[in-house]
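Lettering of chains follows the sequences in order, A, B, ..., and the numbering in each one begins at 1.
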Protein chains: 2
Amino acid sequence: MAANSRLTTAVHALAWMALASRRGREVMTSEEIAASLATNPVIVRRSLGELRAAGLVVSRRGAGAGWSLTREPAAITVLEVHEALGAEPLFALHPGTPNLECPVGQGIRPVLTEVYAAADAAVRRELAGHTIADVLAQTLASQETP
Amino acid sequence: MAANSRLTTAVHALAWMALASRRGREVMTSEEIAASLATNPVIVRRSLGELRAAGLVVSRRGAGAGWSLTREPAAITVLEVHEALGAEPLFALHPGTPNLECPVGQGIRPVLTEVYAAADAAVRRELAGHTIADVLAQTLASQETP
DNA sequence: ACGTGTTGTAACAAGAAGTGTTACGATCGG
DNA sequence: CCGATCGTAACACTTCTTGTTACAACACGT
């Protein structure tokens, strides 16, 4: 369970909200969203709470409250979701400082930092190429062939 | 401490072995390598053990034993190191199965699998563009300007 | 104004993974 | 045969993620 499934949770929730919105249901409760994910409503609130901080969704309290998208699904990229969740670097440098008396230990960190940044940028470019609308369309398309 | 520093450890070790090899020291003990990383020899043996399984290094036991590269540093890409360490997927799908009665829950998994695979491929392309020799050269170059 | 439904959060448990340490058997060169 | 070194198991510690329960804050309808 090491790898992050948080992006999956968030994208699924947004796609589900996008579909409901298209059907006229603009507001959804965390419980309804959790039902689609087969998980706990608190998980949904936590995830969507981060997306709200990034401005992708809004929530209203009180009776008849819930969550809504703030934009068209076609205007939300998976990259934005990823960053809203506090994207962590793919790779980390040494846990502690390496031996600086060694030529490699002294100079390798900036080099690896650059390599890792390039890999990170590549992931971002890839995620930026998909929107919530794309994901939803492909999800529904895969079910039209019985 | 969430992110993987294993790639850093392994690349650092290989670069250090490459430098030593260039200086005539073909065999290094895990203790010498650990000294450059400022960590425990067992950490090094664990990392290099995975690289040995991938054929990137060899080890010899007994007195005067240690580790050696099996190829020129210019022929080892960072991608190979990454894969030798058992590269895990960047993102995971749902921890459990989502609700299959929901159209999104039913169809989203293959869609996300594709998106994640594309991101993975992008990282691999990036890492394939750097070799141990590159990393070592850049590491040493950064120290020539006092 | 009240009651109800929902969010917002805190607290906690369980599990997984990474890092580091100690210990000890296995192996090989001299 | 001895000593150095690998190979590996066992363990502790930390951090992260997921999931759960609990409860206060809040807002809408009546």
Quiz prompt | Partner set under ring pair (Phe, Tyr, Trp, His ring centres under 6.0 Å) for A:His130, not counting sequence neighbours | solution = none

Quiz item: How would you list all residue pairs meeting ring-ring contact (aromatic ring centres under 6.0 Å, His included) that involve residues 31-61 of chain B, not counting sequence neighbours?
Solution: none

Self-check item: Residues which pass side-chain hydrogen bond (donor to acceptor under 3.5 Å, both in side chains) with B:Ser30, listed by chain and number, not counting sequence neighbours
Solution: B:Arg45

Quiz item: Using a heavy-atom distance cut-off of less than 4.0 Å, which residues of residues 108-121 of chain B contact DNA chain D?
Solution: none

Exercise. Tell me, please, which residues at least two apart from B:Glu72 pass side-chain hydrogen bond (donor to acceptor under 3.5 Å, both in side chains).
Key: none

Self-check item: Sequence neighbours excluded - ring-ring contact (aromatic ring centres under 6.0 Å, His included) pairs with any residue from residues 9-33 of chain B
Solution: A:His94-B:His12

Quiz prompt | Distance-only donor-acceptor test (3.5 Å): side chain A:Arg46, base D:dG19 | solution = yes

Quiz item: With a non-hydrogen cut-off below 4.0 angstrom, is A:Gly49 in contact with a base, only sugar-phosphate, or nothing?
Solution: nothing

Quiz prompt | Stretch residues 14-37 of chain A: residues that reach within less than 4.0 Å of DNA chain D through a heavy atom | solution = none

Quiz item: When the ring planes of B:Phe91 and B:Tyr116 are compared, do they come out parallel, tilted or perpendicular, using 30° and 60° as the limits?
Solution: tilted

Quiz prompt | Rounded distance in Å - CG (B:Asn40) to C1' (D:dC11) | solution = 13 Å

Exercise. State which residues pass side chain to side chain contact (heavy atoms under 4.5 Å, CB included) with B:Ser68; sequence neighbours excluded, sorted by chain then number.
Key: B:Val27, B:Val58

Practice problem: Measure the distance from CD on A:Glu50 to C1' on C:dG8 and round it to the nearest whole Å. | Solution: 14 Å

Quiz prompt | Under 4.0 angstrom between B:Asn4 side-chain N/O and C:dG18 OP1 or OP2 | solution = yes

Quiz item: What string of B, S and - do you get for nucleotides 22-30 of chain D, 5' to 3', when a contact is any protein heavy atom under 4.0 Å?
Solution: B--BBBB--

Quiz prompt | Residues which pass side-chain hydrogen bond (donor to acceptor under 3.5 Å, both in side chains) with A:Arg52, listed by chain and number, not counting sequence neighbours | solution = A:Ser59

Exercise. Check side-chain hydrogen bond (donor to acceptor under 3.5 Å, both in side chains) between B:Arg71 and all other residues, then give those that pass, not counting sequence neighbours.
Key: B:Glu80

Practice problem: Could you tell me the separation between the CZ atom of A:Phe91 and the P atom of C:dG18, rounded to a whole number of Å? | Solution: 13 Å

Quiz item: Between D:dT18 atom C1' and A:Leu7 atom CG, what is the distance in whole Å?
Solution: 16 Å

Quiz item: Which residues satisfy the side chain to side chain contact (heavy atoms under 4.5 Å, CB included) test with A:Glu114, sequence neighbours excluded?
Solution: none

